[in-house]
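This report refers to the structure that appears directly beneath it.
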Amino acid sequence: MAGHRGMVGSAIIRELHRQGYDNIITRTHAELDLINQQAVNDFFEAEKPEYVFLAAAKVGGIAANAGALADFMYDNMMLEMNVIHAAWRNGCRKLQFLGSSCIYPRMAPQPMPESCLLTSELEKTNEAYALAKISGLKYCEFLNRQYGTDFISVMPTNLYGPNDNYHPTHSHVLPALIRRFHEAKEQGAEEVVCWGDGSPLREFLYVDDLANLCVFLMKNYSGNETVNAGTGKEITIRELAELVAETVGYRGRIVWDTTKPNGTPRKLLDVSKATALGWRYRTELPDGIRLAYADFLENPMRAER
C-alpha cells in the first residue's frame, strides 16, 4: 500500500480491513522515499508484495499546482515510475494505479468517457500533474502489452472525506471551503471570498466510496483502459459553496472574486464502465460533507498540513 497515510490510501486501508484483509504492508515517507529508485527497488526485493495499491502522490489545488509545476511533474513521475517498475521487476501479481480526472482534455465531451484521453489539450492550471498521471497509466498499459502484467488504473473525480488536506492554499476546493467557512463562522466574519464566478461544474466522490471501488476493481477488473470513479452527478461551485456554508452553519455573505481563475469549466465523468461492472457509489454529497466536516472538527491539526 503506497500512500497509506493520505486520504485515499487510508480509506483503502479501512476498506481492506472491513473486508477482512490484514496482511497489509505499509511504509511511511520517512521509512521509504518513493522518489528514491534504489530504496524502492530494495523494498520490493525484500518484501515481494503480491498486490499493490499505488495511491501515493504529490497533490494540491489550483494555487499549489500553478506555483510548483516542475515539482508536481517530477515528484509524481518519479514515485509512480519507481513503484510500477519495481512491482513488475519483482513479479507483483496485480497493481492498481490511482490517477485523477484532470488527465482528460480541458474541453472534453461531457460526461467524459475513458476513451477521450489524449484527444485534445489539457487544462493549463494542472497540466504538470495531469501529464505525470497520464504517464503512469500509460506505463501500466505498456507493461501489460509488452510483458503480460495485470496492472490496472483508476481515475477518480474530485475526492473528499476523512483525512483530507485542509491547508489554506494547497488543498482542493471542497476541503478549502470547509476550512474557510468554519473559520469565518468562528471569527464572526461578515463575508467569505471565493475564487472565480462560481459557474464551473464539478463532481465529488466520498473517499470511502472510492476505496470500495478500488478493492472491487482489484478483484474484478483487468484491462488496459482506465476505469472512471465518480457519481455521475455534478454541482456548480456556487451551489457547493452554499451547501458547505449551510453545513458548517455560516450565515454571512459569499462574495465571488472574478479576477481569480475558474479552472476547467466542467468535469463530469462517464461512470458507465464501473456501473456495468456492478459498482455504484453510496454516499450522497450532503451526507458526505457532514461526515467530512465532523472529521475536520475532530482533527483540527489537519488544517495545518
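Rounding to the nearest 0.5 angstrom, the gap separating the CG atom in Leu269 from the CD atom in Gln110 is 8.5 Å. Distance CZ/Arg27 to CG/Leu32: 7.5 Å, rounded to 0.5 Å. Taken from CG in Leu95 to CD1 in Ile152, the straight-line distance is 8.5 Å, to the nearest 0.5 Å. Distance check, rounded to the nearest 0.5 Å: OG of Ser100 to OH of Tyr129 gives 5.0 Å. For the atom pair CG of Leu177 and CG of Leu240, the computed distance is 5.5 Å after rounding to the nearest 0.5 Å.
With sequence neighbours excluded, the residues satisfying side chain to side chain contact (heavy atoms under 4.5 Å, CB included) with Gln37 are Asn41, Asn82.
No continuous path of ILVMFWY side-chain contacts below 4.5 Å connects Leu201 to Ile237, so the two sit in separate hydrophobic clusters. Note on Val192 and Ile289: same hydrophobic cluster, where clusters join Ile, Leu, Val, Met, Phe, Trp and Tyr whose side-chain heavy atoms are under 4.5 Å apart, directly or indirectly. Phe151 and Met77 fall within a single hydrophobic cluster, where Ile, Leu, Val, Met, Phe, Trp and Tyr side chains are chained together by heavy-atom contacts under 4.5 Å. In the hydrophobic cluster analysis, where Ile, Leu, Val, Met, Phe, Trp and Tyr join through side-chain heavy atoms closer than 4.5 angstrom, Tyr250 is grouped together with Val244.
For the pair Asp287 and Tyr206, the minimum side-chain heavy-atom distance is 4.5 Å or more. Side-chain contact check for Glu203 versus Ser101: every heavy-atom pair is 4.5 Å or farther apart. Looking only at side-chain heavy atoms (C-beta outward), Arg5 and His29 stay at 4.5 Å or farther from each other. Counting heavy atoms from C-beta outward, Tyr166 and Arg180 have side chains that stay 4.5 Å or more apart. Residues Lys260 and Cys194 fail the side-chain proximity criterion, which asks for heavy atoms closer than 4.5 Å. In this structure, the side chains of Pro105 and Cys116 come closer than 4.5 Å at one or more pairs of heavy atoms.
For the residue pair Asp270 and Asn228, no side-chain donor N or O sits within less than 3.5 Å of a side-chain acceptor on the partner.
For the pair Glu225 and Lys273, the salt-bridge criterion is met [side-chain N within less than 4.0 Å of a carboxylate O].
Under the 3.5 Å distance criterion, the side-chain polar atoms of Asn76 are left unmatched by any main-chain donor or acceptor of Lys133.
Annotation: Glu190, atom CD; neighbour count of heavy atoms from other residues, nucleotides and ligands within 6.0 Å does not exceed 12.
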